[in-house]
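Read the structure below first, then the notes.
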There are 2 protein chains.
Amino acid sequence: MKKIKTKQKITLVDVAKEAGVSAITVSRTIRSPHMVSPKAREKVEAAVDALGYVPDAAASALASNRTDVIGLLIPSLTNSVFAEVLRGMYDEIEGTPYSIQIGNYRYSPLTEEKLIRTFLCQKPAGLIVAGLDQTETSRKLLMEASCPIVQIMEFDKGPVDSMIGFSHFEAGAAATRHLIEQGYERIGFLGARMDPRSQRRLAGFRQELKSRGSLSAERTVTTPEASSVGLGAELLRELLVRAPDTDAIFCNNDDLAIGALLEAQRRGIRIPEDFGICGFNDLEISKQLNPGLTSVATPRYRIGGAAIKTIVRSLETDSVTARKRLDLGFEVIPRGSSILNLERKNAQS
Amino acid sequence: MKKIKTKQKITLVDVAKEAGVSAITVSRTIRSPHMVSPKAREKVEAAVDALGYVPDAAASALASNRTDVIGLLIPSLTNSVFAEVLRGMYDEIEGTPYSIQIGNYRYSPLTEEKLIRTFLCQKPAGLIVAGLDQTETSRKLLMEASCPIVQIMEFDKGPVDSMIGFSHFEAGAAATRHLIEQGYERIGFLGARMDPRSQRRLAGFRQELKSRGSLSAERTVTTPEASSVGLGAELLRELLVRAPDTDAIFCNNDDLAIGALLEAQRRGIRIPEDFGICGFNDLEISKQLNPGLTSVATPRYRIGGAAIKTIVRSLETDSVTARKRLDLGFEVIPRGSSILNLERKNAQS
DNA sequence: CTGTTAGCGCATTCAG
DNA sequence: CTGAATGCGCTAACAG
């Protein structure tokens with residue numbers, strides 16, 4: 001059976017004919033209008049409108065050996081953290097010709113490696129990956145890639161190309177110091193999933209306590225499960241069985257912290273008098289709780305925006321100058337769940 | 001400066017030579033192995049490994065006039081609802097050759113139209129759009145599209161192609177009935193953003209009250225702003241100024257409901273005795289609150305999975321048989337924030 | 001089951 | 001600033 005082409009595809013050549021110029025002029029008018037005389041541009045634009053021409057992305061990609069797709073590799077979609085990062089990215093990408101394609105590697109470095117391969121085959125405009133813990137092969141693939149690469153969420157030495165984030169170790173340490181400064185003495189840690197970034201926050205927590213001689217192994221309760229509010233409640237129960245005299249906790253993230261706070265309230269534990277809580281990420285809800293949840297604000301939204309901006313700039317300037325090494329920092333936000341002694345705190349600062 | 005090609009690109013032809021077959025056989029071995037003799041397949045696979053061949057997606061797209069990209073158009077990334085939908089999609093797409101590309105149209109139908117255009121030009125494997133409220137032009141574009149289209153989140157008459165969701169009108173009505181059945185009499189509505197789906201929930205709320213003669217305009221408080229927990233608190237304050245005798249609320253979503261619940265508690269309003277609250281979406285945190293938040297559970301995760309499954313099946317069977325009209329329903333989950341009279345409820349049911 | 005032939009629509013040369 | 005020629009790497013449509 002013969003295929004009946006209802007609407008013949010309109011190509012560059014058709015537009016060129018209509019406009020009385022050559023195909024390449026049409027191509028240039030679309031990609032880089034400043035390289036075309038205003039007169040020609042007008043004619044071409046009229047023809048494009050008249051014919052309803054739309055460029056063929058695949059043909060363009062094949063001929064130019066590149067696409068307008070920015071690949072993004074993230075370990076999880078459950079994680080509320082990445083929702084904010086995504087938002088920053090989509091806000092920043094608005095108005096550019098680029099689009100984002102997400103790959104979810106579910107915290108599996110091998111899946112990540114496979115996805116890096118897949119993405120690189122598509123000649124992406126850029127690639128954004130989370131963290132520093134790629135496999136050896138992944139790192140090599142990224143280093144050899146001919147597009148800008150941005151590692152996000154963390155900040156450390158030895159980036160593949162650009163790196164935008166903050167130090168999770170320092171953040172964990174800072175949160176812990178905050179609890180210590182508030183006078184808490186037997187501080188525990190609640191953690192779920194324990195991906196590399198969580199591990200580093202835990203390491204910061206540990207160092208801070210160890211240097212003060214108050215680290216106690218049974219006060220660290222973690223699970224490989226994914227974080228959730230319900231899990232925070234469970235982990236608190238577990239902690240209070242293992243170490244009932246614990247008087248404060250640093251939680252891996254706000255989901256767990258909120259769950260712990262609500263569970264503590266169900267148990268009649270007074271917060272912050274009997275028990276202090278510090279979360280991580282500073283979700284919007286955290287400040288609304290009663291009492292407000294002390295947390296560590298992280299620049300998730302800005303990380304997303306900066307990552308896209310870095311790639312777009314690399315592409316525009318076509319140089320290594322655009323490479324970024326950005327430590328966007330973090331901030332401990334003290335709230336009711338840990339401020340034991342407000343007067344003393346004020347006097348100190 | 002001359003570009004140094006460190007590694008010559010490996011093509012199908014290279015693999016074909018290495019394997020001693022023709023290029024098309026290699027192509028088939030990769031796309032549809034069952035059409036190739038086991039002997040040839042082995043040789044090809046060996047050659048692919050040996051040379052480290054990776055197919056060129058752009059060339060494939062150009063030649064075959066299609067891609068493996070499924071386009072997804074959503075109105076917002078802030079919305080916690082879509083995070084779940086996305087999760088369902090990525091879980092379902094795992095193991096298929098397809099990938100997802102997200103377009104965010106920020107609740108602007110015109111932007112949506114533009115994105116539909118952009119996506120369709122890329123010959124997507126399928127397109128997923130939210131809701132029923134596309135512009136006339138958008139609808140036409142979708143109807144003319146040569147790929148499977150799935151409208152998600154809502155269920156109603158007149159789908160473009162497939163449709164997977166539930167009735168927001170019915171859900172709003174059911175939530176309202178629940179509050180009425182619990183004995184609340186002066187029920188208000190808190191809403192933010194008020195996108196089309198929120199509007200339909202509000203319509204369901206209104207109808208339910210009107211039919212009982214207890215609809216009161218000043219008890220409906222809405223804002224065009226995006227939802228947040230903080231906003232829920234604000235809207236409750238506003239409502240209590242406008243109509244202080246209100247004794248229950250149906251909130252547009254759980255974020256608002258949580259904010260309202262926490263604000264009510266700060267004000268010493270007893271929940272559910274003085275004031276009942278029903279949210280929408282049943283976020284994970286809702287059941288953890290004290291008291292638990294009554295909410296309407298929506299099949300977000302399943303919607304995402306079903307949408308992808310529908311597209312993949314359409315592509316596989318290459319027929320209209322795979323078209324789906326799925327009402328996935330919803331469920332009111334009664335919890336402490338609205339169960340005034342447990343005995344009566346049990347007696348009734 | 002396999003191979004041959006002929007483009008897909010555009011962008012990259014390089015010349016004018 | 002503009003144009004002509006060429007091919008990117010793959011797959012559709014046949015024929016064997």
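Here is how names work: the chains are called A, B, and so on, in the same order as the sequence lines, proteins then strands, and each is numbered from 1. It should be emphasised that the depicted structure is a prediction, and the values quoted were computed from it without experimental measurement.
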query = Within this structure, what is the CE-to-P distance between B/Met35 and C/dG3, rounded to whole angstrom?
reply = 13 Å
task = Could you tell me the separation between the NE2 atom of B/His34 and the P atom of C/dT2, rounded to a whole number of Å?
result = 12 Å
remark   = Rounded to whole Å, CD1 of B/Ile10 lies from C1' of D/dG9 at a distance of 13 Å
ask   = Looking at A/Pro148 and A/Ala125, what are the two nearest heavy atoms and their distance?
value = CD-O, 3.3 Å
ask   = Considering residues at least two apart in sequence or located in another chain, which fulfil the side chain to side chain contact (heavy atoms under 4.5 Å, CB included) criterion with B/Pro196?
value = B/Asp133, B/Arg200
task = Between A/Ala61 and B/Pro38, name the one whose nearest nucleotide on DNA chain C is closer to the 5' end.
result = B/Pro38
task = Examine the side chains of B/Arg31 and B/Ser27 and answer whether a donor and an acceptor come within less than 3.5 Å of each other.
result = yes
ask   = Between C/dT4 atom P and B/Leu12 atom CG, what is the distance in whole Å?
value = 14 Å
query = Roughly, in whole Å, what's the span from CG in A/Leu62 to P in C/dC8?
reply = 13 Å
ask   = Are A/Ser22 and D/dG3 close enough that a side-chain N or O sits under 4.0 Å from OP1 or OP2?
value = yes
key: d(CD, B/Gln122; P, C/dC10) in whole Å   = 13 Å
ask   = Taking atom C1' of D/dG7 as reference, at what distance in whole Å does atom NZ of B/Lys9 sit?
value = 14 Å
ask   = Looking at B/Asp161 and B/Gln151, what are the two nearest heavy atoms and their distance?
value = N-OE1, 4.4 Å
request  = Would you mind reading off the distance between B/Leu51 atom CG and D/dG9 atom P, rounded to a whole angstrom?
outcome  = 14 Å
ask   = To the side chain of A/Thr25, which of D/dT2, C/dT2, D/dC10 is closest?
value = D/dT2
inquiry  = Tell me whether B/Asp68 is salt-bridged to B/Arg66, with the criterion being a basic N under 4.0 Å from an acidic carboxylate O.
reply    = yes
task = Could you tell me whether A/Val13 contacts a base, only the sugar-phosphate backbone, or nothing, with contacts defined as non-hydrogen atoms closer than 4.0 Å?
result = nothing
key: Lys/Arg N to Asp/Glu carboxylate O, A/Asp91 vs A/Arg302, below 4.0 Å   = no
query = Base, sugar-phosphate, or nothing: which does B/Ala40 touch, judged by heavy atoms less than 4.0 Å apart?
reply = sugar-phosphate
inquiry  = Salt bridge check, B/Arg117 against B/Glu113: does any charged N sit closer than 4.0 Å to a carboxylate O?
reply    = yes
ask   = Is B/Ser37 near enough to C/dT2 that one of its side-chain N or O atoms lies under 4.0 angstrom from OP1 or OP2?
value = yes
Pick out the pairs of N or O atoms, protein on one side and nucleotides 12-16 of chain C on the other, that lie under 3.5 Å.
| residue | atom | partner | partner atom | Å |
| --- | --- | --- | --- | --- |
| C/dT12 | OP2 | A/Arg31 | NH1 | 3.2 |

